[in-house]
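Working notes for the structure below.
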Number of protein chains: 2
Amino acid sequence: MANSITIIELAAALGLSKSTVSRAFRGNNDINAATKERILKKAEELGFSPNLYASNLRGSKSSTIAIIIPEFGNKFFSQAIKGIELIARNNDFHVLVYVTDHSADKEAAIIRTLVNGRVDGVIMSGSGEGKSHQYLKLLKKHNLPLVFFDRYYEDINTICVTGNDFESSYLATSHLIENGCKKIAYLAINKNVSIGKIRMDGYAKALSDGGIKFDEQLTLDTSNDAEINYRDIEQLIKEQSPDAIFASVERLAISTLRVTKTLGIHIPDQIKLICFSCLEIADMLSPALSVVKQPAYEMGKKATEYLFEIMRGNREADIQEVLFLESDLIFQESSQKKLTK
Amino acid sequence: MANSITIIELAAALGLSKSTVSRAFRGNNDINAATKERILKKAEELGFSPNLYASNLRGSKSSTIAIIIPEFGNKFFSQAIKGIELIARNNDFHVLVYVTDHSADKEAAIIRTLVNGRVDGVIMSGSGEGKSHQYLKLLKKHNLPLVFFDRYYEDINTICVTGNDFESSYLATSHLIENGCKKIAYLAINKNVSIGKIRMDGYAKALSDGGIKFDEQLTLDTSNDAEINYRDIEQLIKEQSPDAIFASVERLAISTLRVTKTLGIHIPDQIKLICFSCLEIADMLSPALSVVKQPAYEMGKKATEYLFEIMRGNREADIQEVLFLESDLIFQESSQKKLTK
DNA sequence: GTGAAAGCGCTAACAC
DNA sequence: GTGTTAGCGCTTTCAC
């Protein structure tokens, strides 16, 4: 580590006691302004700053939170982190970032490194949905508050900030139906877990309300891997000939665009497409992509604000509470009948 | 912080001394295997893990590095962070993330919070190019190694991993010339600083070699703000009528696309366009966008590997050394003459 | 192989 | 307003 000088050396250089020097670095005003000035000046000169670990050991606080996310792949997570970092910085907190690559095991391993005082709270988008989450008990055991955003675990009692996905999916699917689609495929990374499931529920409800029978064959449960999902989507299109595709995550829509391009299938004439995405340039794609756009930045900010409320004792932890932020539905070329007949 | 139990309580619960318990958590094998087993089991049961701040205070190490970047806006930085996080995790290090919003003052403030032992090293893409960087002396004073990626400061002696921007710019500009362009505009956020400058130098050299006179009027120095750069680009196009635009950062190319769309200017027929960008779906834009694609992920990994080498004492710090990673030039529709005449 | 004890650098009573 | 002192929880000699 740094070859820093200690508070004792600084005190000696000034002919003061270390407590006086210490006071110069705390907020309290139980110190002569001139002395403080003198101390800070000398500190600057000698390159002294109070050792963080000694301070934290005394004070039992870290002023640090952790973000744990499954991946860094898309705009959604980078926007969310941006929001989290902003709120943290406004509160003079530091932000540790961890990526699990969608592995619940890695998530558990990361959690274990956090409960030794490293952080005062955790913001997470879950990677191991559908699995056991015993390891999260560890956080509770250490009184560390947890706030979920986007992807949460239903068996964990805490706050979650997410999108109004059921409604958005319902509306997106209804929109496809209104545009004449009858065989609407649903693509998910994992349709048994929170976002995959809720989004499918909205889709299913819209079908039902639109008088269309839900067909398991038209739903695809694929992987995060681009090659695999490309193959899966290609197969689905060839075998089922859907007239529309609703992708629950951006990556699957991109793969769909690539597949249709290769197969020479025209969007939206032959297949209409809509997806969840935070892409800023959806309107500049060819075709312009219809999207359900989640407020990722807002979501990150809101989740972090809640975390701070809990850490300050102004809000109950341990209560299962889901806050829904509204997504924007942006209908563009990819999902609509040609306006010019 | 966490209401954890201490090593003393754990020792008491086991009828052992705290030194023995401590040993169970260190790597050394100066402890009976059975005792160790018993201790770890009890620790698990009671939810004990050694207090990080006490350990670090004794050991003078943080196992943490910091990333400081100007923004989170584009794929480049999220890819780079992904690479950094990966290497850090492989080395059992933690990663703190800081965003400066392109403010050198914020950068300085962040640096000041890092020199108290919080981190063992820093990876940074500079925000305050062209300004004074005295505050970075602080890192040196505390023996904290620094590695730059992408945007570096020429007055600071340390390693930097960046793209071969001069060559890429030269080639991109030459490509425009080969496609018949004579009035090629250059767009930058700040043309007086490392990336803005080097990329412009490559552009200027290509013009010169192509027998085209460099025209200051055709270079634009605009802002990070989308609205402002939209206006600036619109003005440039209207006043100068360039037949090609070379954007040194992705955002300016996106704005250019929006401006030309609004003005009804066809790309590539009326204006050809190429830019630096890490967009994965550049080929799906309309028109498919020609790009200089930097190896962002690789850059993050490489920079972090260097940082670890320095931290381990296997590499000299304090040496101005720039490692260039090769970018891909991907020429697509936006920059080329129609192949079908 | 285990225990006793010193001390990492700092903060916060408590005295003066 | 400043100094003295105890101790945060842990690691690591040094004995035994």
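Just so we're on the same page: letters track the sequence lines, and every chain starts at 1. Being a predicted model, the structure only gives us computed values, none of them experimental.
- Between the P atom of D:dT11 and the CG atom of B:Leu16 lies a distance of 15 Å, rounded to the nearest Å.
- With 3.5 Å as the limit, one finds a donor-acceptor pair spanning the side chains of A:Arg312 and A:Asn91.
- A close approach under 4.0 Å does occur between a side-chain nitrogen or oxygen of B:Ser17 and OP1 or OP2 of C:dG3.
- Distance B:Leu57 CG to C:dA6 P: 18 Å, rounded to the nearest Å.
- A distance of 9.5 Å separates NZ in B:Lys141 from CD1 in A:Ile5, rounded to the nearest 0.5 Å.
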Notebook entry, point to check: Going 5' to 3' along nucleotides 11-16 of chain C, which nucleotides have protein heavy atoms under 4.0 Å from the base (write B), which only from the sugar-phosphate (write S), and which from neither (write -)?
Noted result: BBB---
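- Rounded to whole Å, atom C1' of D:dG7 lies 11 Å from atom CD1 of B:Ile8.
- Donor-acceptor pairing under 3.5 Å is recorded for the side chains of A:Gln294 and A:Asp150.
- Atoms CG (B:Leu10) and P (D:dT11) sit 12 Å apart, rounded to a whole Å.
- By the 30° and 60° cut-offs, the orientation of the rings of B:Phe148 relative to B:Tyr152 is tilted.
- In this entry the distance linking CD1 of A:Ile5 with C1' of C:dC8 reads 16 Å, nearest Å.
- Taking atom CG of residue A:Leu52 and atom P of nucleotide C:dG9, one finds them 14 Å apart after rounding to whole Å.
- Using bins of under 30°, 30° to 60° and over 60° for the plane-to-plane angle, the ring pair B:His133/B:Tyr153 lands in the parallel bin.
- Residue contacts shown for B:Asn32 are limited to sugar-phosphate atoms, with no base heavy atom under 4.0 Å away.
- Note that CD1 of B:Ile84 is 4.5 Å distant from CZ of B:Phe149, once rounded to the nearest 0.5 Å.
- Between A:Thr35 and D:dT2 there is a side-chain polar atom (N or O) within less than 4.0 angstrom of OP1 or OP2.
- Protein atom CD1 of A:Ile39 is 13 Å distant from nucleotide atom P of C:dC10, rounded to whole Å.
- At whole-Å resolution of the value, CG in B:Asn116 and P in C:dC10 are 10 Å apart.
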